Amino acid sequence: MTKIKSFWLMKSEPDVYSWDDLVSEGEGTWDGVRNYTARNNMRAMRTGDGVFFYHSNIGVEIVGIAEVSEEAFQDPSDETGRWSAVRVKPVRKLPRPVTLKQIKADPALADMDLITKFRLSVSAVKPAEWDHILKLAGS
DNA sequence: GCCAACGTTGGC
DNA sequence: GCCAACGTTGGC
């Protein structure tokens, strides 16, 4: 069976949980998501999928690449049984962070869910967008 | 099942 | 700290 890799973007406020926190932990549980669209994206994740790690509020930029290390399971912080969590691990830091400003200014990225559904904390990234951002990052 | 009120996210 | 966008809740 062919494994098709998908790409995602996950937002985190760096003063709550930053890229450096993920690196020092080695692996992070992504829980506490209480939005159905975000949850459905998490349930669609497969081990090895690429994840852009985005800092919201402070920095407001994509800072690193992570990958899905454990597929959706029951969110341990939820008692209703409705919500899911995944686990991710860091792959590498981007040589140059890609800012929201850059993304907004780039016609090739104007349709990203990050822009069109800006309040969504877990969004899908198209392969072309993934490659384009890697180029902007000098990676 | 509609929709107004409310709460939260997140850029600025 | 403000406020726009928008998801969720709850009254009817």
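Every chain is numbered from 1 and lettered A, B, ... according to where its sequence line falls, protein lines coming before strand lines. Fair warning: this is a prediction, and the values are worked out from it, not measured in the lab. Every heavy atom of this structure was used, including side-chain atoms; hydrogens, water molecules and symmetry mates were not.
Phosphate contact (OP1/OP2 of B:dC12, side-chain N/O of A:Lys104, threshold under 4.0 Å): present. Between A:Tyr54 and B:dG11, a side-chain N or O to OP1/OP2 separation shorter than 4.0 Å is present. A close approach under 4.0 Å does not occur between any side-chain nitrogen or oxygen of A:Lys11 and OP1 or OP2 of B:dT9.
Across the protein-nucleic acid pair, A:Ile115 atom CD1 and C:dA4 atom P stand 19 Å apart, rounded to whole Å. We find that CZ of A:Arg82 is positioned 11 Å from C1' of C:dT9, with the value rounded to whole Å. A straight line from CG of A:Leu114 to P of C:dA5 spans 17 Å, rounded to a whole angstrom. A:Lys101 has its NZ atom 9 Å from the P atom of B:dC12, to the nearest Å. Rounding to whole angstrom units, CD1 of residue A:Ile58 and P of B:dT9 are separated by 15 Å. We find that CG of A:Leu9 is positioned 11 Å from P of B:dG10, with the value rounded to whole Å. Between the CE atom of A:Met10 and the P atom of B:dT9 there is a distance of 15 Å, given to the nearest Å.
Where A:Arg34 and A:Phe118 meet DNA chain C, the nucleotide closest to each residue was compared, and A:Phe118 sits on the side nearer the 5' end. Of the residues near DNA chain C, A:Asn57 and A:Lys117, the one whose nearest nucleotide (by heavy atom distance) lies more toward the 5' end is A:Asn57.
A rotation axis mapping the C1' atoms of four pairs onto the next four is fitted at both ends of the helix from B:dG1-C:dC12 to B:dC12-C:dG1 over five pairs, and the angle between these axes is 10° to 10 degrees.
With respect to the salt-bridge test (charged N to carboxylate O, under 4.0 angstrom), the residues A:Asp75 and A:Arg34 qualify. The existence of a salt bridge linking A:Lys89 and A:Glu27 is excluded, since no basic side-chain nitrogen approaches an acidic carboxylate oxygen closer than 4.0 Å.
For A:Asn35, the listed nucleotide lying nearest its side chain is C:dG7; candidates were C:dG7, B:dG10, B:dC12.
Under the rule for a side chain to side chain donor-acceptor pair (under 3.5 Å), A:Trp30 has no partner lying at least two apart in sequence or in another chain.
No hydrogens or angles were tested; on distance alone, a donor-acceptor pair under 3.5 Å links the side chain of A:Arg119 to the base of B:dT8.
Surrounding NZ of A:Lys117 are at most 12 heavy atoms belonging to other residues, nucleotides or ligands under 6.0 Å away.
Residue A:Glu13 comes nearest to A:Asn57 through the heavy atom pair CD-ND2, 3.1 Å, listed as atom of the first residue, atom of the second, then distance. A:Trp19 and A:Phe53 make their closest contact through N-CE2, 3.3 Å (heavy atoms, listed as atom of the first residue, atom of the second, distance).
You'll find the side chain of A:Ile115 stays beyond 4.5 Å of the side chain of A:Leu109, heavy atoms only.
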